[in-house]
**Student:** 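The structure follows.
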Amino acid sequence: MRILLLFGLVAVALTDVTRFEGEKVFRLKPTLDEHVTLIKDLAKSIELDFWKPESPELVTIDIEVDIHVPAIYLDMVYTMLQQSDMQSEVLIEDLQKAVDGQADGGQSPRTHSYTKYNTWDKIQSWIASMASSNSNLISKQVIGNTYEGRAMTLLKLGKKSSSTKPAIFMDCGIHAREWISPAFCQWFVKEALSTYGSDSQMTSLLDQMDVYVLPVLNIDGYDYTHKSNRMWRKTRSRKSGSSCVGADPNRNFDAGWCSMGASSNPCSDTFCGYSPESEIEAKNVANFIRRNKSTIKAYLTVHSYSQLLLFPYSYTYSLAADHSELLKVAEGASSALRSLYGTRYTSGPGATTIYPAAGGSDDWAYDLGVKYSYTFELRDTGRYGFLLPESQIKPTCEETMLAVKYIAAHVQKNLY
Ligand code: DDK
Ligand code: ZN
Ligand code: ZN
């Protein structure tokens with residue numbers, strides 16, 4: 001009997017997948033201080049999943065607030081909305097339907113695909129095969145392991161050279177649920193390899209510079225979103241004394257750490273961690289960039305959603321020393337992006353364009369001396385949010401390529 005019970009528990013643990021039947025995503029528009037207070041109070045009393053901004057502490061007046069509400073709290077939220085005069089709309093009627101609808105091509109393919117959201121296992125073997133098939137243009141190196149022991153493999157793109165070349169560093173998948181981000185890093189690697197030699201800009205970029213690509217930074221979290229909870233954001237680190245798992249890797253870098261727009265509550269989605277670089281994934285990336293700080297000229301980090309191109313600072317309202325150049329390049333990159341499908345991006349410093357957020361990788365890299373430091377928030381603006389349909393992977397990646405190439409061209413122009 002005990003044995004049976006044990007087997008039962010193990011079986012439940014192995015198949016414990018969070019489902020979202022009947023759950024909704026609302027967009028609230030707080031226009032009064034009372035609205036803001038109401039949202040924050042609600043977040044204290046019930047379990048809400050903040051999509052935008054990513055935690056209740058970041059809610060302010062006159063911004064859009066997208067929240068995912070579990071079915072059991074729907075009545076409560078409707079009542080609250082009726083009693084206040086806050087404007088609101090339902091973005092997603094049934095979250096489980098949206099999750100299921102994200103893969104619009106039927107069953108998941110056996111093989112890796114650039115127009116699907118690949119699992120970590122598929123991405124891992126894709127990394128291995130990319131690195132072994134194009135040895136004149138690509139190599140790989142492990143920069144450390146994740147909390148759960150997965151190897152963080154960095155791809156280095158660029159024509160082989162006997163001397164050290166200046167480089168651009170790009171990571172994707174800092175946040176687990178932002179699936180379009182790793183899809184973009186994979187797309188970038190494919191495009192770089194397949195257009196080298198035919199596209200003059202890509203050829204000159206990879207002749208003169210190296211581009212380091214980390215396809216998934218938060219691998220443990222990404223794997224968890226495929227296997228257990230699609231809406232997970234943080235790492236998967238555990239600490240004795242807390243029942244809550246993980247920290248926000250984009251609040252864990254040593255840049256005004258945990259001072260504003262981050263939470264010291266281990267259960268929060270914007271938990272800054274127990275100390276700067278307490279998350280091994282952040283530490284591994286920071287160590288690599290520190291070691292190569294003299295060659296790394298640009299740092300790009302890819303997130304979703306909101307269609308923003310952000311640059312320092314987010315931990316302070318002060319403008320970066322290079323503000324006007326960073327803004328000019330961001331605006332150029334945004335208009336290059338828009339030229340393809342008309343997708344509109346907003347650019348500006350993080351603190352005023354999205355929200356104050358200390359401990360971000362972009363601010364950290366910038367203060368280390370990496371001047372061209374940018375955070376992308378890819379499609380969309382909330383219709384699907386994190387559940388961007390696979391049919392949008394291709395257009396999103398195509399347009400984002402134009403922005404990344406625009407920034408790279410500017411970096412290249414300013415090398416010597
Ligand atoms: O980490 C965040 O909350 C978003 C991406 Se989901 C970016 C915030 C601005 C850049 C942080 N330095
Ligand atoms: Zn993110
Ligand atoms: Zn985001």
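Atoms within each ligand, like the ligands themselves, are counted from 1 in listed order. Just so it is clear, the values below take in all heavy atoms, side chains as well, and ignore hydrogens, waters and symmetry mates.
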**Student:** What is the number of protein N/O/S atoms located under 2.8 Å from the Zn ion (ligand 2)?
**Tutor:** 4
**Student:** Against ligand 1, does Y313 come closer than 4.0 Å with any heavy atom?
**Tutor:** no
**Student:** Indicate yes or no for a side-chain donor-acceptor contact from H35 to the backbone of T31 under 3.5 Å, with no hydrogens or angles considered.
**Tutor:** yes
**Student:** Please check this pair: side chain of S373 against backbone of V370, looking for a donor-acceptor N/O pair closer than 3.5 Å.
**Tutor:** no
**Student:** For D121 and H226, does a side-chain donor sit closer than 3.5 Å to a side-chain acceptor?
**Tutor:** no
**Student:** Which atoms of ligand 1 have any heavy atom of N250 under 4.0 Å away?
**Tutor:** 1 (O), 2 (C), 7 (C), 11 (C)
**Student:** Tell me, please, which residues at least two apart from Y212 pass ring pair (Phe, Tyr, Trp, His ring centres under 6.0 Å).
**Tutor:** F288
**Student:** Could you list the atoms of ligand 1 found under 4.0 angstrom from a heavy atom of G360?
**Tutor:** 12 (N)
**Student:** Which residue owns the protein heavy atom closest to atom 12 (N) of ligand 1, what's the atom, and how far is it?
**Tutor:** D362 OD1, 2.5 Å
**Student:** Can you list everything that forms a disulfide (SG to SG under 2.5 Å) with C397? Sequence neighbours excluded, please.
**Tutor:** none
**Student:** Do H68 and F20 make the cut of ring centroids closer than 6.0 angstrom?
**Tutor:** yes
**Student:** What side chain to side chain donor-acceptor pair (under 3.5 Å) pairs are there with at least one residue in residues 137-147, not counting sequence neighbours?
**Tutor:** T146-D220
**Student:** Regarding R379 and Q307, is there a side-chain donor-to-acceptor distance under 3.5 Å anywhere?
**Tutor:** no
**Student:** Show me which atoms of ligand 1 lie under 4.0 Å from any heavy atom of R251.
**Tutor:** 1 (O), 2 (C), 3 (O)
**Student:** If we count only N and O atoms by modelled type, under 3.5 Å, do the side chains of Y384 and Q102 hold a donor and an acceptor together?
**Tutor:** no
**Student:** If we ignore angles and hydrogens, is there a donor and acceptor under 3.5 Å between the side chains of T235 and E279?
**Tutor:** yes
**Student:** What are the atoms of ligand 1, with element, lying closer than 4.0 Å to any heavy atom of L310?
**Tutor:** 9 (C)
**Student:** Which ligand 1 atoms, with their elements, are less than 4.0 angstrom from a heavy-atom of R233?
**Tutor:** 1 (O), 2 (C), 3 (O), 6 (Se)
**Student:** I'd like to check which ligand 1 atoms, numbered from 1 as shown, lie under 4.0 Å from a non-hydrogen atom of E377.
**Tutor:** 5 (C), 6 (Se)
**Student:** S314 heavy atoms, cut-off 4.0 Å: which ligand 1 atoms fall inside?
**Tutor:** 9 (C), 10 (C), 11 (C), 12 (N)
**Student:** Which of these passes ring-ring contact (aromatic ring centres under 6.0 Å, His included) with Y366: Y299, Y374, Y372, Y313?
**Tutor:** Y313
**Student:** Which is closest to atom 4 (C) of ligand 1 by heavy-atom distance: Y355, F376, W364?
**Tutor:** Y355
